Amino acid sequence: MPAPTDPDAETVQAAGMLLMCLQPEHKFLLLRHRRRWDLPKGHCENDESFLEAALRETEEETGIASNRIRLDETFRFELTYPVTYRVTGDRVFTKIVQYFLGYVEVIPTLRLTEHQSFQWFDWNPPHQIQSETIDPLLAAVSLHLSQTR
């Protein structure tokens, strides 16, 4: 469970994408940092919307163009938690991250720019991968899919 946020803390916004492939079977993409699994995501720039940031970051980090992603426009998942950044010392920010659900027709060739590797995981909920971000997101997607089919 994320720690409570300070209502007076400055807010930073970020967005990401859970990509799923439906062919030949349902799979979802995770990217690998040195010590953890991650999703394509990053900070919103200038006046960018959450969705614009999610699509831009997905293309930057995977090489998958936004026109190859079919968005599920009825799904959005948000997390809010406190963060600190090395460049700001002890200063605490409230980070708001919105995640979107996108589909690709077939597993594409990826061009990684910020991660060491990737894996397409079989969709077989419930998943236990990373308790703070990925597991709650996957649980929300599972619930969403069960309600929309």
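As the structure is a prediction and not an experimental result, all values here were calculated from the model.
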Trainee: Rounded to the nearest 0.5 Å, what separates atom CZ in F100 from atom CG in L71?
Mentor: 8.0 Å
Trainee: Mind checking the OG1-CD spacing from T80 to E78? Nearest 0.5 Å is all I need.
Mentor: 4.5 Å
Trainee: Once side-chain hydrogen bond (donor to acceptor under 3.5 Å, both in side chains) is applied, do any residues pair with E52, and if so which ones, sequence neighbours excluded?
Mentor: S49
Trainee: Please determine whether side-chain hydrogen bond (donor to acceptor under 3.5 Å, both in side chains) holds for the pair Q98 and R76, giving the CA-CA distance in whole Å, both sets of side-chain angles, and the decisive distance to 0.1 Å.
Mentor: CA-CA 7 Å; Q98 287 189 4; R76 188 177 296 199; 2.9 Å; yes
Trainee: Within this structure, what is the CD-CG distance for the pair E73 and L51, rounded to the nearest 0.5 Å?
Mentor: 8.5 Å
Trainee: Listed by chain and number, what are the side-chain hydrogen bond (donor to acceptor under 3.5 Å, both in side chains) partners of E105, not counting sequence neighbours?
Mentor: none
Trainee: Please list, chain by chain and in numerical order, all residues satisfying salt bridge (Lys or Arg N to Asp or Glu O under 4.0 Å) with D122, sequence neighbours excluded.
Mentor: K27
Trainee: Check side-chain hydrogen bond (donor to acceptor under 3.5 Å, both in side chains) between Q119 and all other residues, then give those that pass, not counting sequence neighbours.
Mentor: none
Trainee: To the nearest 0.5 angstrom, please state how far the CG atom of L137 sits from the OG atom of S142.
Mentor: 11.0 Å
Trainee: Taking atom CZ of F118 and atom CH2 of W37, what is their separation to the nearest 0.5 Å?
Mentor: 9.5 Å
Trainee: Checking R91 now: which residues fulfil salt bridge (Lys or Arg N to Asp or Glu O under 4.0 Å) with it, not counting sequence neighbours?
Mentor: E10
Trainee: Taking ILVMFWY side chains as joined if any heavy atoms are under 4.5 angstrom apart, and letting links pass through other members, which residues group with V106?
Mentor: none
Trainee: Which pairs would a plain distance check flag for residues 53-60, meaning a side-chain donor or acceptor within less than 3.5 Å of a matching protein atom at least two apart in sequence or in another chain?
Mentor:
| from | atom 1 | to | atom 2 | distance (Å) |
| --- | --- | --- | --- | --- |
| R56 | NE | E48 | OE1 | 3.4 |
| R56 | NE | E48 | OE2 | 2.6 |
| R56 | NH1 | E45 | OE2 | 3.4 |
| R56 | NH1 | E60 | OE1 | 3.4 |
| R56 | NH1 | E60 | OE2 | 3.2 |
| R56 | NH2 | H43 | O | 2.9 |
| R56 | NH2 | E48 | OE1 | 2.9 |
| T58 | OG1 | A54 | O | 2.7 |

Trainee: Taking only residues two or more places apart in sequence, or in another chain, which ones meet P108 in a side chain to side chain contact (heavy atoms under 4.5 Å, CB included)?
Mentor: I64, R68, V104, L110, W120
Trainee: Got a sec: does the CD of E25 have more than 12 other heavy atoms crowding it under 6.0 Å?
Mentor: yes
Trainee: What pairs meet the ring pair (Phe, Tyr, Trp, His ring centres under 6.0 Å) rule with one or both residues in residues 54-78, with sequence neighbours excluded?
Mentor: F75-H144
Trainee: Would you say L31 and L39 make side-chain contact, with heavy atoms under 4.5 Å?
Mentor: no
Trainee: About how many Å separate CG of L29 and CE of M17, when rounded to the nearest 0.5 Å?
Mentor: 11.5 Å
Trainee: Partners of H33 by side-chain hydrogen bond (donor to acceptor under 3.5 Å, both in side chains), sequence neighbours excluded?
Mentor: D38, H115
Trainee: Test of understanding: with side chain to side chain contact (heavy atoms under 4.5 Å, CB included), list the residues that count as partners of T113, not counting sequence neighbours.
Mentor: E61
Trainee: Going by the rule side chain to side chain contact (heavy atoms under 4.5 Å, CB included), which residues pair with Q128 if we only count those two or more places apart in sequence or in a different chain?
Mentor: D135
